[in-house]
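Have a look at the structure below, then the notes.
Not measured: the values here are computed from a predicted model.
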Amino acid sequence: MTKQRRAGTSPEMKLRRELHGRGLRFFVQRRPLPTLRSAADVIFPRSKVAVFVHGCFWHGCPEHGTMPKSNSDWWRAKLTANADRDARTVQALEMAGWAVVVVWEHESASWAADRVQEVVSTRREVDP
Ligand SMILES: [Zn+2]
């Protein structure tokens with residue numbers, strides 16, 4: 001749950017490398033919409049696909065999300081606020097015509113890249 005990860009080994013970096021290796025071209029750490037406070041980890045502006053890589057703890061992964069025992073009220077408020085913000089972000093993007101792919105840090109980079117690639121290719125068919 002540390003925010004400091006070694007460059008090149010974080011889930012974001014692994015995913016980026018995987019996507020890049022498949023010939024996909026994208027931007028990193030950009031806000032898909034100017035009105036949005038959060039940046040997406042990877043965005044494909046032309047196909048309007050935004051990818052968020054979520055830490056299992058901070059974003060309350062259904063498989064690994066845990067609630068710390070000490071200071072539990074503070075943590076509950078903090079983690080609930082994160083989840084609310086995530087939901088609002090997805091909603092705002094979808095309303096603006098974007099597709100959102102949420103990747104959990106526990107997912108393998110190649111499996112996550114499969115999902116992203118699938119969404120991007122679908123969007124390209126619709127939106128040449
Ligand atoms: Zn997880």
**Message:** Between L15 and L24, is there shared hydrophobic-cluster membership here, with clusters defined by ILVMFWY side-chain heavy atoms closer than 4.5 Å?
**Reply:** yes

Side-chain donor-acceptor contacts of residues 32-39 below 3.5 Å, not counting sequence neighbours, with atom names and distances?
none

**Pairwise side-chain contact, F52 with V101, heavy-atom cut-off 4.5 Å (strictly under)** = no

**Prompt:** Do you know the tightest heavy-atom contact between S47 and R123?
**Reply:** O-NE, 2.9 Å

**Request:** List the steps and the verdict of side chain to side chain contact (heavy atoms under 4.5 Å, CB included) for H59 and W104.
**Result:** CA-CA 9 Å; H59 296 270; W104 292 103; 3.7 Å; yes

**Prompt:** So if you build clusters from Ile, Leu, Val, Met, Phe, Trp, Tyr with side-chain heavy-atom gaps below 4.5 Å, do W98 and V49 land together?
**Reply:** no

**Request:** If the plane angle is over 60° it's perpendicular, under 30° parallel, otherwise tilted; pick one for F26 and H20.
**Result:** perpendicular

**Pairwise distance CE(M13) to CD(E18) - rounded to 0.5 angstrom** = 13.0 Å

**Item:** Shortest non-hydrogen separation from W75 to S70 and the atoms involved
**Value:** CD1-O, 3.4 Å

**Request:** Ignoring hydrogens and angles, tell me if any N or O in the side chain of D41 forms a donor-acceptor pair with the backbone of V53 under 3.5 Å.
**Result:** yes

Under 3.5 Å, which donor-acceptor pairs do the side chains of residues 108-117 form with other protein atoms, sequence neighbours left out?
from	atom 1	to	atom 2	distance (Å)
S108	OG	W111	N	3.1
D114	OD1	R22	NH1	2.8
D114	OD1	R22	NH2	3.0
R115	NE	E107	OE1	3.3
R115	NH2	V102	O	2.7
R115	NH2	E107	OE1	3.0
R115	NH2	E107	OE2	2.9
Q117	OE1	R22	NH1	2.7

**Asked** How far does CD of E63 sit from NE2 of H106, to the nearest 0.5 angstrom?
**Response** 4.0 Å

**Message:** To the nearest 0.5 Å, what is the distance between CG on D86 and CH2 on W58?
**Reply:** 12.5 Å

**Asked** Which atom names give the shortest non-hydrogen contact between E105 and P11, and what distance separates them?
**Response** CB-CG, 3.7 Å

**Item:** Single-linkage hydrophobic cluster V28~V120, side-chain heavy atoms < 4.5 angstrom
**Value:** yes

**Side chain R16, main chain V42, donor-acceptor under 3.5 Å** = no

**Message:** I'd like to know if the side chain of K48 and the backbone of A96 have a donor-acceptor N/O pair within less than 3.5 Å.
**Reply:** yes

Only pairs under 3.5 Å count here: list side-chain donor-acceptor contacts from residues 88-95, not counting sequence neighbours, and write none if there are none.
from	atom 1	to	atom 2	distance (Å)
T89	OG1	R85	O	2.8

**ILVMFWY network linking V100 to V119, side-chain heavy atoms under 4.5 angstrom** = no

